[in-house]
There are 4 protein chains.
Amino acid sequence: MAKKAAANTLTRGYKKKARTRQQLLDAALRIYARTGVAGLALNTLAEEAGVSNGTVYNYFRTREEVLEAVGLELAVQLSQQILVFSEGVSSGAERLCIGVRTFMGKALDDPEWTRALITVVRYAEGMRSALANYLRADLQAGREQGDFDYANEEMAMAMVMSATMGAMNLVVEGIEMEHADRVAAEMILRSLGVSASKARKIASLPLPRTAD
Amino acid sequence: MAKKAAANTLTRGYKKKARTRQQLLDAALRIYARTGVAGLALNTLAEEAGVSNGTVYNYFRTREEVLEAVGLELAVQLSQQILVFSEGVSSGAERLCIGVRTFMGKALDDPEWTRALITVVRYAEGMRSALANYLRADLQAGREQGDFDYANEEMAMAMVMSATMGAMNLVVEGIEMEHADRVAAEMILRSLGVSASKARKIASLPLPRTAD
Amino acid sequence: MAKKAAANTLTRGYKKKARTRQQLLDAALRIYARTGVAGLALNTLAEEAGVSNGTVYNYFRTREEVLEAVGLELAVQLSQQILVFSEGVSSGAERLCIGVRTFMGKALDDPEWTRALITVVRYAEGMRSALANYLRADLQAGREQGDFDYANEEMAMAMVMSATMGAMNLVVEGIEMEHADRVAAEMILRSLGVSASKARKIASLPLPRTAD
Amino acid sequence: MAKKAAANTLTRGYKKKARTRQQLLDAALRIYARTGVAGLALNTLAEEAGVSNGTVYNYFRTREEVLEAVGLELAVQLSQQILVFSEGVSSGAERLCIGVRTFMGKALDDPEWTRALITVVRYAEGMRSALANYLRADLQAGREQGDFDYANEEMAMAMVMSATMGAMNLVVEGIEMEHADRVAAEMILRSLGVSASKARKIASLPLPRTAD
DNA sequence: AATGAATGAGTCTTCATTCAT
DNA sequence: CATGAATGAAGACTCATTCAT
């Protein structure tokens, strides 16, 4: 909402700059998804984004900066997703479950984006920490609420993140499965010490709908 | 000259050839660990292996073949590890637990090898299936023995593998933790439906010793 | 708004224009001194001058024009220096000596300017002739006054100019030396045929003071 | 002499490598002379040398290294020239005079080489010191032999070198002059404190002939 | 088999210049 | 006039691959 009103008052030059940057990031995501990190050649990127090759360097100083920026972009998109979906839920276990299932849903909806995410998470350290903040809060809440019982928080975070990525990878590789999102979420909840029956119950809750 | 001393030089020649090939693979593993797949340039590989760049092409036709061979090499090394350690154990849950903990031990002992493994597993599809065979057997055994309770075998395999890699990565990145191997194994067992108390018990069993 | 306050802004506009041009030239001199001719990139120049890159093209049509203008700017600054310092002295030998010593003093005072000068003198032919005019007059005067005795005027000019630049370069490179200006001037006078004793005497005269 | 005999015993591979390197340096010198430092583009260099552009990088890691190597090459050529010509002469003043006149002769004979030299001397610091060693020895000898009388050795070196380059530059710019070499040498000797008559005498000595 | 010089297509990066706002 | 985004030609550099020795 706020965005639309604001945009009109900004200069067109500003909009153009922002738009080009976004075009570049979008193009980079598409290429990432198709070809992996190695395939992201900057002249290809320029072509895909519909600008000349020199223009890339008005936004990023080196190829490294492009890779970083793509990671950050994905992190931002993720944050928004997560915030939207688990807003208003106070149970840590449920929030985490919603997060996992949302990601799984994304893997079904948008395999391209997902491949890019998986690639970038591996590649860009900074990306991981962006995710980690949300996760850590949910883990701690779940523990205080008596749902989680894990020996070490770092390990718990590593397990949740890698297991989720592994499950998403399964989906984008085309494995057919009923309710893959619930299956994955249930296993992750159990690994955190939630009892089998409670894990199933939480994993089966309907996902909150959003206006989007 | 060399051609005449048949029997003897054949052996030596053969041994030399095998040695050079091994040097190349070892060098490739080291480079993988340091720089990831993208960093494996063949002239760098030749230098690291102490041979000239042309020599690489006596053993591999293209860069792709090198990457495949490295994957295969790791798979073979892995198979040997796993077979050695879980030989004589019949419980699927215990075998899987031993496998996970053995990998975790390897991550502590040999971070270079581990980084190479993590990289390759992501990159080389063939590699994954080599691991998968051992894993699938243990999962099925555990299920038949009433220890495991998972909704989908593919998902279970994906979770175990990715979670193990995630935990190994944590170790390689230098996180200090008591009994990281047990912590990880316990969580994985729980995710497969093993009860909390039983998971702890299995994860705490002493690892079988080997002659090595 | 700005368009309405005509008379006043015209003046201001004019002054502003002149000021921007001067900013550009000053910035160019600084960059010259730091990086040599090759380092003078126009976007760098714009940044150093605190204007946008497009603005440069309101003052100079091409990069070449910038280089020329810098040369001219230095020539003008030089002319002023020389005129001020040797005004009122009629002996050619003394005038030349004052010129050399003044340049040497400048090398001590303002190494940045000096480096720019040395670079430009080499690069820009036109620059050399600006210096040459003053020099030629002094040489001819000195010869007519019986102080100089050189076989060829072109050669004498080349020697005086290159030797002076060489001596300035020495100073700029940080060699510590007492009375470097006198030492250099004395050698140059001798090379023009002034006797050793007379050369020393002339080189030791106090420099005329200026109001500046 | 020794060279020819030796070359035959060397492997052809070795010869080829040395030859390619020399081709590159020769080509670089030609381009330098024609276009100055800025014109030395590495693909142009490759073309001029008759090799592919990648080959340049088998010999030099960066463009900087090419420039350095060209400077060094010139220094080596110079050293040989100087040694050949002033061999067997013990007077410092005469040796220095021979050096200056030899350079001047070179400027007449080979303007291309000379332009390259002048450019490189300015550009490559390392180059200067190579020249400086020969020069310093002659200056000290001349002083001990009672011919030179200079206040500061660094200044004397700077003056001799820059004056010689200035005079060479005059020649390559096409100024017509009788005995330019003697005129320049005479002025330089005078600047070092040699009396006018003696300077003329030394500068007029016939240059020692060489077999070359 | 081993060598290593040569290749050349492919990429990254810079920078003078244009132009719509 | 000032701005600064966009352009694209030019040049630096990498690297898988070939081949004569």
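None of these values were measured; they are calculated from a predicted model. Worth knowing before you read on, the calculation uses all heavy atoms, side chains too, and leaves out hydrogens, waters and symmetry mates.
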Can you tell me which nucleotide in [options] comes closest to the side chain of [X]?
X	options	result
D:L42	E:dT3, E:dT11, F:dA12	F:dA12
B:N43	F:dA16, E:dA1, E:dT11	F:dA16
C:Y57	F:dC13, E:dT18, E:dC12	E:dT18

Along DNA chain E (nearest heavy atom to each residue), the more 5'-positioned of B:G54 and C:R61: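 The residue closer to the strand's 5' end, by nearest nucleotide, is B:G54.
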
Sidechain-backbone polar pair: A:E73 side chain, A:A69 backbone, donor-acceptor under 3.5 Å: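 Answer holds: no.
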
Kindly say whether C:G39 contributes a backbone atom to a donor-acceptor pair with the side chain of C:R34 at under 3.5 angstrom?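 A pair under 3.5 Å: no.
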
Start with the C-alpha distance between B:V51 and B:T20, add both sets of side-chain angles, then the distance that settles side-chain contact (heavy atoms from CB on, under 4.5 Å), and finish with yes or no. CA-CA 8 Å; B:V51 300; B:T20 303; 4.2 Å; yes

[N] [atom2] sits how many Å from [X] [atom1], rounded?
X	N	atom1	atom2	result
A:L24	E:dC12	CG	P	14 Å
B:L45	E:dG4	CG	P	15 Å
C:I31	E:dA16	CD1	P	10 Å
B:F60	F:dT18	CZ	P	16 Å
C:E65	E:dA16	CD	P	14 Å
B:L67	F:dT17	CG	C1'	15 Å
A:R63	F:dT14	CZ	P	14 Å
C:E47	E:dA16	CD	P	13 Å

Between B:A41 and D:L40, which has a closest nucleotide on DNA chain F that is more 5'?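 This one resolves to D:L40.
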
Closest-nucleotide mapping onto DNA chain F: is A:V56 or D:T44 further toward the 5' terminus? I mean the 5' end.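 Nearest nucleotide further toward 5': that of A:V56.
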
Side chain A:N58 and base F:dA5 donor-acceptor under 3.5 Å: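 No, the side chain and the base share no sub-3.5 Å donor-acceptor pair.
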
Base of E:dA2 paired with side chain of B:N53 (donor-acceptor, under 3.5 Å):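 Not at all, since no donor on one side and acceptor on the other fall under 3.5 Å apart.
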
Is the number of heavy atoms from other residues, nucleotides or ligands within 6.0 Å of CD (A:Q22) greater than 12?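 For A:Q22, atom CD is crowded (more than 12 foreign heavy atoms under 6.0 Å).
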
Could you check whether atom CD of D:E47 has more than 12 heavy atoms from other residues, nucleotides or ligands sitting under 6.0 Å from it?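 12 or below, so no.
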
Are B:T35 and B:L40 side-chain neighbours, meaning at least one heavy-atom pair lies under 4.5 Å?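 No, their side chains stay 4.5 Å or more apart.
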
So A:Y57 and A:L42, do their side chains get closer than 4.5 Å, heavy atoms only?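 In short, these two side chains touch, coming nearer than 4.5 Å.
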
Taking OP1 and OP2 of [N], is either one under 4.0 Å from a side-chain nitrogen or oxygen of [X]?
X	N	value
B:T20	E:dA2	yes
D:S52	E:dA6	no
C:Y59	F:dA2	yes
D:T55	E:dT7	yes

Could you walk me through whether D:R30 and D:E48 pass salt bridge (Lys or Arg N to Asp or Glu O under 4.0 Å), step by step? CA-CA 9 Å; D:R30 288 196 296 276; D:E48 174 92 23; 2.7 Å; yes

Parsed dot-bracket for DNA chain F after applying the Watson-Crick and G-U rules with both distances under 3.5 Å and | for other-strand partners is .||||||||||||||||||||

